[in-house]
> 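Let me give you the structure first, and then I'll get to my questions.
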2 protein chains.
Amino acid sequence: MPFTAAEENYIKTIFQLQIIEGMVSTNSVASTLETSAASVTDMLKKLKLKKLLVYEKYKGFKLNNEGKRAALSIIRKHRLWETFLVNILHFKWDEVHEVAEQLEHIQSNQLIDHLDHFLGNPQFDPHGDPIPDAAGKMPIMTQINLTKFPLHIVGEVCSVGSQSSDMLSLLSHKHIEIGSKISVEQFFAFDESIDVKINNSIMVNISAKLAQHLYVKKLNYAS
Amino acid sequence: MPFTAAEENYIKTIFQLQIIEGMVSTNSVASTLETSAASVTDMLKKLKLKKLLVYEKYKGFKLNNEGKRAALSIIRKHRLWETFLVNILHFKWDEVHEVAEQLEHIQSNQLIDHLDHFLGNPQFDPHGDPIPDAAGKMPIMTQINLTKFPLHIVGEVCSVGSQSSDMLSLLSHKHIEIGSKISVEQFFAFDESIDVKINNSIMVNISAKLAQHLYVKKLNYAS
DNA sequence: TTAAAATTTTAGATTTGTCTAAAAATATTT
DNA sequence: AAATATTTTTAGACAAATCTAAAATTTTAA
């Protein structure tokens with residue numbers, strides 16, 4: 001049961017939308033894929049016929065288990081190819097998306113398994129997104145400690161490990177609070193300190209001890 | 001001017017046929033691509049419109065310089081991907097064709113240039129076929145068909161004409177691969193079969209049909 | 001709770017690449 | 001050179017994926 005590239009793009013998009021929205025609407029798929037609502041309706045009929053989603057006219061839709069399995073396989077391919085492009089071919093992390101969009105549709109389990117092995121069975125892609133394994137299992141890591149957070153990726157502070165007032169007033173002074181947009185710009189192996197950039201462009205130097213208590217949630221970027 | 005995968009398959013096929021046949025016929029393309037003659041005629045009209053070939057109804061056709069340039073670019077991609085699959089991902093040389101047929105259609109000059117560099121700008125692919133460079137230049141090699149090869153001279157297998165998996169797995173079973181040292185010990189005019197000796201002294205009888213697809217490079221030190 | 005607005009689906013058309021069957025052109029053979 | 005065979009092209013149809021415009025349905029709001 002191989003899918004066409006168009007079907008795969010719909011499957012992947014619906015999967016990502018239903019994580020956020022639960023039930024997915026025709027218009028949200030249309031605007032994500034930059035296509036017309038009519039085209040989405042047409043494709044929904046095909047995907048329903050192939051028993052990949054639960055769908056009733058005018059009522060919204062979502063992938064069933066079979067559809068989710070398919071989506072995870074496509075996401076696995078996409079993220080492994082992105083890892084290959086950045087780690088092996090030295091693409092910059094912001095240049096890989098378009099090419100990975102093409103490579104993810106290559107049909108060969110042998111290829112993707114060999115690629116996975118060659119890359120050392122990576123758990124996360126260059127954007128920090130988790131890579132599903134061959135069985136579709138994916139490490140669910142919504143919270144990442146700032147010391148482990150990938151460089152140059154914007155995250156959102158969602159948890160602070162220490163509740164001590166010293167800590168919290170320091171954070172307050174640096175204008176860091178729950179919801180602040182943060183990216184790690186540099187990591188110094190020497191003393192494990194890091195440079196952090198807040199959304200308003202103020203550079204702050206945060207010590208490792210502080211960073212250990214900051215938990216950051218990745219934003220929902222399409223990757 | 002990007003081409004569709006279908007267009008690229010026709011361009012590549014016509015290029016390979018016109019090396020052998022000079023002028024190419026509708027039927028030869030149809031049988032190579034396992035499609036109908038009517039489909040070939042349809043595609044010829046499109047390729048003529050895109051100024052990739054010289055074609056008059058009922059008179060045969062061939063690629064012009066623009067078409068050849070396109071063909072060499074596709075062949076470059078195909079052979080670089082085959083090299084990647086065998087040298088890096090450790091595919092067997094008889095398993096790569098189908099996957100490379102897909103990968104050759106990925107559209108990204110940056111990708112193929114980075115891949116070329118990563119592989120060390122190889123001159124020949126795992127089947128011994130020359131890889132065109134970014135400008136379309138291709139190294140020419142003195143290749144002699146096994147049926148024409150002088151008796152008792154040790155040569156090195158450098159190319160296999162047929163990519164059929166039957167052929168390749170037969171060769172694999174006989175321990176013949178690119179780089180194998182081979183000598184022709186006897187030629188039987190009767191049925192054009194030949195006796196071939198491999199470097200490890202195993203005698204194999206190879207039929208003429210098989211030999212026709214084996215190209216052997218003369219080694220300078222062999223006598 | 002109707003009227004207006006937004007969303008979704010249907011209807012009909014288009015493009016790409018394919019097919020079969022039949023017609024046209026070329027090649028072969030008697 | 002005429003009859004036959006082969007090759008090639010045309011004609012008409014189909015599936016996939018898309019579009020626009022109009023109709024159907026649901027949601028929102030006066």
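Just so it is clear, the values below take in all heavy atoms, side chains as well, and ignore hydrogens, waters and symmetry mates. Numbers restart at 1 for each chain; the letters A, B, ... are given by sequence-line order, proteins then strands.
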> When you measure from the side chain of Lys62(A) to the backbone N and O of Gln18(A), does any donor-acceptor pair fall under 3.5 Å?
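Flag not set: sc Lys62(A) to bb Gln18(A) has no pair under 3.5 Å.
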> Kindly indicate, with the supporting measurements, whether the criterion ring pair (Phe, Tyr, Trp, His ring centres under 6.0 Å) is fulfilled by Phe3(B) and Tyr10(B).
CA-CA 11 Å; Phe3(B) 304 113; Tyr10(B) 278 95; over 10 Å; no
> Closer than 3.5 angstrom, by distance alone: can the side chain of Asn64(B) be matched with the main-chain N or O of Lys51(B) as a donor-acceptor pair?
yes
> Could you work out, with salt bridge (Lys or Arg N to Asp or Glu O under 4.0 Å) as the rule, every residue matching Glu8(A), not counting sequence neighbours?
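Salt bridge (Lys or Arg N to Asp or Glu O under 4.0 Å) list for Glu8(A), sorted by chain: empty.
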> Among residues 41-54 of chain B, which residues get a heavy atom nearer than 4.0 Å to DNA chain C?
Asp42(B), Lys46(B)
> Using a heavy-atom cut-off of under 4.0 Å over every strand shown, decide if Ser36(B) touches base, sugar-phosphate, or nothing.
base
> Excluding sequence neighbours, so at least two apart, what forms side-chain hydrogen bond (donor to acceptor under 3.5 Å, both in side chains) with Gln110(B)?
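With sequence neighbours excluded, Gln110(B) shows a side-chain hydrogen bond (donor to acceptor under 3.5 Å, both in side chains) to Glu95(A), given in chain and number order.
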> Determine the minimum heavy-atom distance between His105(B) and Ala5(B), stating which atoms define it.
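Residues His105(B) and Ala5(B), closest heavy atoms: CE1-O, 3.6 Å.
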> Taking 5' to 3' order, which nucleotide of DNA chain C is first and which is last to have an atom within less than 4.0 Å of a heavy atom in chain B?
dT16(C) to dT26(C)
> When you measure from every atom of DNA chain D, which of residues 4-25 of chain B have a heavy atom less than 4.0 Å away?
Ser25(B)
> Looking at every heavy atom in both Ile11(B) and Gly67(B), which two are closest together, and how far apart are they?
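Closest pair (atom of Ile11(B), atom of Gly67(B), distance): CG2-O, 3.8 Å.
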> Hey, could you give me each pair passing salt bridge (Lys or Arg N to Asp or Glu O under 4.0 Å) that has a residue in residues 67-76 of chain A? Not counting sequence neighbours.
Glu66(A)-Arg69(A), Arg76(A)-Asp113(A), Arg76(A)-Asp116(A)
> So what does Tyr55(B) hit on the nucleic acid, given a heavy-atom distance under 4.0 Å: a base, only sugar-phosphate, or nothing?
sugar-phosphate
> So, for His78(B) and His97(B), is the gap between ring centers shorter than 6.0 Å?
yes
> Could you tell me whether Glu7(A) and Lys12(A) have a side-chain N and a carboxylate O separated by less than 4.0 Å?
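Judged by the 4.0 Å cut-off on N to carboxylate O distance, Glu7(A) and Lys12(A) do not form a salt bridge.
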